[in-house]
> 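Below is one structure. I have some questions about it.
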Amino acid sequence: MSDQRVLATEFEMLAALMEVAGQNAFKVAAVRRVARVLEDFEGDLRAVAAEPGALESMDGVGKSSASKIRQWCDDGTIAELDTLRGEIPAGLVPLLDVSGLGPKTVGRLWREADVTDHASLRAAIDDGRLAALPRMGAKTIANILDSLNFAAQSADRTSIGRALPMAESLAEDLRSVDGVHRVEWAGSLRRGCETIGDIDLLATTSEPARLMERLTRRPDVTKVLASGDTKASVRLEAGIQVDLRVVDREAFGAALLYFTGSKEHNVALRHAANTRGMRLNEYGLFKDDGDETPPQDRGMSPLASVTEADIYQALDLPWHPPELRESHDSLDAAPPDLIDQGDIRCDLHTHTTASDGHLSIADMAREAIARGYHTLAITDHSKSSVQAGGLDEQRLRSHIDDIRAVDASLSEIRLLAGAEVDIHADGRLDYDDDLLAELDIVLAAPHVSLRQSPKDATKRLVAAVSHPLIHILVHPTGRIIGRRPGLEPDMDALVAAAAEHGTALEINANPQRLDLRDRHVRKALAAGARITINTDAHAAAHFDFMRYGVVTGRRGGLTAKSCINAYSASELMDWLDR
DNA sequence: GCCGTTTTCGGCCCGACTGTTTTCAGTCG
C-alpha cells in the first residue's frame with residue numbers, strides 16, 4: 001500500500017481515538033479531514049513532505065498535521081497516536097461504527113462499565129452493568145444489542161451496482177402511493193459513489209402518513225428504526241438501510257441539495273451563505289437576520305428553495321452536478337460539461353463464448369444494436385488466461401474470421417475483431433506483434449501478479465501503454481472493490497506514458513471494478529490522456545453496466561470530448577488507425 | 001486542529017428523531 005494510504009488510516013485511527021478520549025469535536029473533524037486529504041493524495045508523499053511548507057499549503061493540513069506527517073515519514077510512527085493507543089483499548093474503535101453508538105456513549109461505556117470491545121459490551125449487557133448506568137433504559141440497550149447483531153452479519157457498504165437498482169424499484173413503489181408527487185434518491189447514490197452506506201429517498205406528497213406507511217409496512221422491511229411525520233428509517237432484508245424524508249414542494253431543491261451532500265459540500269455551501277449574509281438549511285436559502293429561531297419557523301420566505309440551481313444562483317456560485325460535490329471539488333470553479341450516458345456510442349471491451357462470455361458474436365451484436373451503438377469490439381481473452389478459456393494463436397485466427405463473417409452480415413453495426421491480451425508480470429504481452437497487427441483493436445490487461453510492488457507495477461503498465469500496437473489499457477489496476485486492492489502503479493508516470501503514446505485508459509464499468517477509479521480519471525485528463533468506458537460484458541445484462549462507468553467518469557470530470565466512446569464511427573476508426 | 005473581504009482569536013452547518021427525561025443529550029445525516 002502506498003505511503004499516503006497507510007498514513008490516511010493512521011490519521012483515521014487518531015481521530016477515532018481522540019473521539020473516544022472525549023477530545024474537542026472540531027479537532028477530531030480536522031484530523032479526519034487530513035485523513036481524507038491523504039486518501040485522495042496522488043503522488044510522492046515523501047517528496048512533498050521534504051519540501052518546506054508544501055504540506056502546509058495543502059487545504060486542511062496545518063502545522064500540527066504537517067509535523068505528524070513528517071514524523072511518520074522519518075520514523076514510521078506518530079507520537080500522539082502511540083500515546084493514545086497506549087491509553088485506549090483498540091477494541092473500542094469498531095464500536096463507533098455500531099449504529100446508535102457515538103463517541104460520547106462509547107467513552108462512557110469504557111469508563112463506567114469497563115467495556116473494551118464487542119465481546120465485553122455484550123457481557124456488560126448480559127450481567128446488567130449497562131442497565132445500572134444513568135440514561136441507559138431498556139429500549140436503548142435493546143437497540144444497542146440489535147445493532148451489534150446486525151453489524152455482525154452484514155457488510156458495511158453496498159456496491160452502487162446493487163444499490164441503484166434497489167433505489168429505482170423502491171422509488172417506483174413509493175411513486176404509486178396516493179398523493180405522492182415526487183420521489184427521488186439523494187445521498188452518495190446520487191453522487192455516484194462506488195459504494196454507498198444507505199439509500200436516501202426524498203419525497204413530496206399531500207398525504208405523508210400514507211407514504212410512510214407504505215415504506216414501513218413493506219414485506220422486505222426487517223426493522224423500523226424511526227418513523228415520524230417527515231422522516232422514516234427502515235432496514236431491509238437485503239441488509240441495507242433506507243431513509244425517507246418528506247418535504248414541501250417549494251423546498252424540494254433545498255432538501256435535495258442538502259440530502260445529496262456531500263457533507264463537506266454542504267458545509268462549504270453554508271459557509272458561503274454565511275459570508276454573504278444568508279443562511280442555508282434544508283428548507284431553503286434565507287436572509288440571515290441574526291435571529292436564532294430557524295427562519296422557516298418564523299414564516300420567513302426563502303430567497304431560493306425550489307430547485308438546486310436556484311440556490312447556487314442566489315449564492316452566485318456555479319451549479320455543481322452531484323458527482324462533483326465531494327470535499328476535493330472546488331466550490332467556485334465552474335464544473336466542466338460532463339459526459340452523459342447518451343453520449344456513449346460504442347462498447348470496446350466485450351466477451352463471447354469463444355472465451356468466458358455467455359453469448360455468441362451475433363447475439364452480442366444484437367445487444368449492442370439494441371443500445372444504438374455504431375461499433376462493438378469483440379475482445380476475448382488471450383491464451384494465458386486459461387481459467388477464462390483464453391484463445392491460443394490458432395483459435396484467435398479462426399475467431400477473427402468468425403467476427404469478420406458476422407460483421408459482413410450486419411449493416412446496423414460495425415464489429416471490431418479484437419483481443420484482451422494479458423500483460424505478463426514483466427510487461428511482456430501474451431501474443432506476438434505479428435498476430436496483434438492482424439487485429440482491429442488490441443486491449444492490454446493485467447490479470448495475474450496483482451500484488452507486485454508499485455515499482456514493478458509501474459514498469460509493467462508503462463511498458464503496455466508504450467507498446468505501439470496497444471490501443472487501450474483495460475481495468476488498469478485489476479482491483480475488485482472490497483475484495484482486492486489491485487496494483488498501485490505510479491499514476492503520474494502511467495497517465496503521462498498513456499498520453500505520450502496515445503493509448504487510452506479504460507474505466508471498466510463493471511460495478512465490482514470501476515477501474516480506473518474517479519480520482520485516476522481526473523489525473524489522466526489533466527495529463528491529456530484519452531479515456532474509454534467499456535462494460536467488459538460477458539452477458540446481455542452486462543451491457544447495462546455502462547451507466548456505472550459513465551458516473552465514475554463524471555466524478556473524475558470526464559467530458560464527451562475526452563472519451564473515445566463518444567466518437568463518431570469514422571472518428572473512432574481514425575483513432576484506431578493512427 | 002484549521003482558518004481568515006467580520007477574525008491571528010474565536011468560531012467551526014443545522015435540524016429530526018429517540019429515549020429518558022420533565023427540558024435535553026446524543027446520534028445521525
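Numbers restart at 1 for each chain; the letters A, B, ... are given by sequence-line order, proteins then strands. These numbers come from the heavy atoms of this one structure, side chains and all, not from hydrogens, waters or symmetry mates.
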> Closest to the A:Val267 side chain: B:dC13, B:dC17, B:dG19?
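So the side chain of A:Val267 is nearest to B:dC13.
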> So, is A:Ser227 near the phosphate of B:dC17, with a side-chain N or O under 4.0 Å from OP1 or OP2?
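So the side chain of A:Ser227 is outside the cut-off, no N or O lying under 4.0 Å from OP1 or OP2 of B:dC17.
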> Just checking A:Gly187: base, sugar-phosphate only, or nothing, at a heavy-atom cut-off of under 4.0 Å?
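No contact.
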> Can you tell me, in whole Å, how much space there is between the P of B:dT20 and that of B:dG26?
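That atom pair is separated by 14 Å.
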> For A:Val28, which contact category applies under a 4.0 Å heavy-atom criterion: base, sugar-phosphate, or nothing?
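Nothing, no heavy atom under 4.0 Å.
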> Of the nucleotides B:dG29, B:dG1, B:dA25, which has the atom closest to the A:Asp198 side chain?
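Closest nucleotide to the A:Asp198 side chain: B:dG29.
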> Say you pick atom C1' in B:dG19 and the same atom in B:dT23; how far apart are they, in whole Å?
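Rounded to whole Å, the distance is 13 Å.
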> Quick check on B:dG1: is either OP1 or OP2 less than 4.0 Å from any side-chain nitrogen or oxygen of A:Ser64?
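True: A:Ser64 side-chain N/O within range (under 4.0 Å) of B:dG1 OP1/OP2.
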> For B:dT6 versus B:dG10, give the span between their C1' atoms, rounded off to a whole number of Å.
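Comparing C1' positions in B:dT6 and B:dG10 gives a spacing of 12 Å.
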> Is the phosphate of B:dC14, meaning OP1 or OP2, less than 4.0 Å from a side-chain N or O of A:Asn281?
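Negative; the distance criterion is not met.
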> Which of the following nucleotides, B:dG15, B:dG1, B:dC24, is nearest to the side chain of A:Pro294?
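That would be B:dG15.
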> When the distance from CZ of A:Arg235 to P of B:dC28 is rounded to whole Å, what number comes out?
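Whole-Å distance recorded here is 12 Å.
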> As a test of understanding, state which of A:Val180, A:Val177, A:Leu174, A:Val247 forms a side chain to side chain contact (heavy atoms under 4.5 Å, CB included) with A:Thr205.
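With A:Thr205 as partner, A:Val180, A:Val177, A:Leu174, A:Val247 yield a single side chain to side chain contact (heavy atoms under 4.5 Å, CB included), made by A:Val180.
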> At under 4.0 Å between heavy atoms, what does A:Leu269 touch on the DNA or RNA strands: base, sugar-phosphate, or nothing?
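No contact at all - A:Leu269 keeps every heavy atom at 4.0 Å or more from the nucleic acid.
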> In a table with atom names and distances, give each donor-acceptor pair under 3.5 Å that connects a side chain of residues 76-90 of chain A to protein atoms at least two apart or in another chain.
unit_1: A:Thr77; atom_1: OG1; unit_2: A:Asp75; atom_2: OD1; d: 3.4
unit_1: A:Glu80; atom_1: OE1; unit_2: A:Lys68; atom_2: NZ; d: 3.2
unit_1: A:Thr83; atom_1: OG1; unit_2: A:Ala79; atom_2: O; d: 2.9
unit_1: A:Arg85; atom_1: NH2; unit_2: A:Glu10; atom_2: OE1; d: 3.1

> Compare side-chain N and O positions of A:Arg279 against OP1 and OP2 of B:dG15 and report whether any pair is under 4.0 Å apart.
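Answer is yes, contact under 4.0 Å.
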> In this structure, how many angstroms lie between the C1' atom of B:dG1 and the CD atom of A:Glu56, rounded?
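Rounded to whole Å, this separation is 13 Å.
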> Mind checking if A:Arg245 touches a base, just sugar-phosphate, or nothing, with heavy atoms under 4.0 Å?
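Since only primed, P, OP1 and OP2 atoms lie under 4.0 Å of A:Arg245, the category is sugar-phosphate.
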> Parallel, tilted or perpendicular for A:His265 and A:Tyr312, by the 30°/60° rule?
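A:His265 vs A:Tyr312 ring planes: tilted.
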> Provide the distance between the two C1' atoms, one in B:dC12 and one in B:dT7, to the nearest whole Å.
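B:dC12 and B:dT7 have their C1' atoms separated by 13 Å.
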> Partner of B:dT8 by Watson-Crick or G-U wobble geometry, both contacts under 3.5 Å, or none?
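Result: none.
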> Looking at A:His181, A:Glu250, A:Glu184, which one forms a side chain to side chain contact (heavy atoms under 4.5 Å, CB included) with A:Thr204?
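Result for side chain to side chain contact (heavy atoms under 4.5 Å, CB included) with A:Thr204: A:His181.
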> Look at the side-chain N and O atoms of A:Thr140 and state whether any lies under 4.0 Å from the OP1 or OP2 oxygen of B:dT20.
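Yes, such a contact exists.
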> Could you check A:Asp340 against A:Arg554 for salt bridge (Lys or Arg N to Asp or Glu O under 4.0 Å), going step by step and ending with a plain yes or no?
CA-CA 8 Å; A:Asp340 286 311; A:Arg554 289 171 62 88; 3.1 Å; yes
> Looking at B:dC13, B:dC17, B:dT27, which one has an atom nearest to any side-chain atom of A:Thr105?
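For A:Thr105, the side-chain atoms sit closest to B:dT27.
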> Assuming nearest nucleotide by heavy-atom distance, tell me which of A:Ala232 and A:Val98 is located more 5' along DNA chain B.
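Its nearest nucleotide being more 5', the pick is A:Ala232.
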> Taking the C1' atom of each, how far is B:dC13 from B:dG29, in whole Å?
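Here B:dC13 and B:dG29 have their C1' atoms 12 Å from each other.
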> Are any of A:Tyr283's side-chain N or O atoms less than 4.0 Å away from OP1 or OP2 of B:dC13?
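So the side-chain polar atoms of A:Tyr283 never come under 4.0 Å of the phosphate oxygens OP1 or OP2 of B:dC13.
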> Quick one: is A:Thr275 getting a side-chain N or O under 4.0 Å of the B:dT6 phosphate, OP1 or OP2?
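Checking A:Thr275 against B:dT6: no side-chain N or O falls below 4.0 Å of OP1 or OP2.
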> What's the closest nucleotide to the A:Arg135 side chain, out of B:dT27, B:dG29, B:dC24?
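Ranking B:dT27, B:dG29, B:dC24 by closest atom to the A:Arg135 side chain puts B:dC24 first.
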> Any side-chain N or O of A:Ser67 under 4.0 Å from OP1/OP2 of B:dG1?
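Negative; the distance criterion is not met.
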> One pair to check against side chain to side chain donor-acceptor pair (under 3.5 Å): A:Arg190 and A:Thr260. What are the steps and the verdict?
CA-CA 7 Å; A:Arg190 182 161 179 251; A:Thr260 296; 2.8 Å; yes
> Taking atom P of B:dG26 as reference, at what distance in whole Å does atom CG of A:Leu133 sit?
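Distance, rounded to whole Å: 13 Å.
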> Taking CD1 from A:Ile141 and C1' from B:dG19, how many angstroms apart are they, rounded to a whole number?
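Distance check: A:Ile141 CD1 to B:dG19 C1' gives 12 Å.
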> Write down the distance between CZ (A:Arg276) and P (B:dC13), rounded to a whole number of angstrom.
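Roughly 16 Å, once rounded to whole Å.
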> Assuming nearest nucleotide by heavy-atom distance, tell me which of A:Arg270 and A:Asp243 is located more 5' along DNA chain B.
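Result: A:Arg270.
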> Need one value for A:Lys263: base, sugar-phosphate or nothing, where a base atom within 4.0 Å counts as base even if backbone is also close, heavy atoms only.
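It contacts base atoms.
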> Between B:dG11 and B:dC17, how far is it from one P atom to the other, in whole Å?
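Nearest-Å result for B:dG11 against B:dC17 at atom P: 30 Å.
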> Rounded to whole Å, how long is the line connecting atom NZ of A:Lys231 with atom P of B:dT27?
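The distance from NZ of A:Lys231 to P of B:dT27 comes to 14 Å, rounded to the nearest Å.
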> Please state whether the phosphate of B:dG1, meaning OP1 or OP2, lies under 4.0 angstrom from any side-chain nitrogen or oxygen of A:Lys68.
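A:Lys68 to B:dG1 OP1/OP2: side-chain N or O found under 4.0 Å.
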> For A:Asn143 and A:Thr140, does a side-chain donor sit closer than 3.5 Å to a side-chain acceptor?
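No, A:Thr140 and A:Asn143 have no side-chain donor paired with an acceptor closer than 3.5 Å.
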> Under a 3.5 Å cutoff, is there a donor and acceptor pairing between the side chains of A:Asp243 and A:Ser233?
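Per modelled atom types, A:Asp243 and A:Ser233 side chains form a pair under 3.5 Å.
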> When only distance counts, do a donor and an acceptor, one from the side chain of A:Tyr258 and one from the base of B:dG29, lie under 3.5 Å apart?
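Answer is yes: a donor-acceptor pair is held.
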> What's A:Ala272 touching, base or sugar-phosphate or nothing? Going by heavy atoms closer than 4.0 Å.
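The answer is nothing, as A:Ala272 stays clear of every strand by at least 4.0 Å.
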> Mind calculating the distance between CG (A:Asn266) and P (B:dG29) to the nearest angstrom?
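Rounding to the nearest Å, CG of A:Asn266 and P of B:dG29 are 14 Å apart.
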> In whole angstrom, what separates A:Phe259's CZ from B:dG15's P?
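It works out to 11 Å between those atoms.
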> Which listed nucleotide (B:dG26, B:dG19, B:dG1) is nearest to the side chain of A:Phe26?
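So the nucleotide nearest the side chain must be B:dG1.
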> So, does A:Asn143 get its side chain near the phosphate of B:dG19, meaning an N or O under 4.0 Å from OP1 or OP2?
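Yes, A:Asn143 has a side-chain N/O under 4.0 Å of OP1/OP2 on B:dG19.
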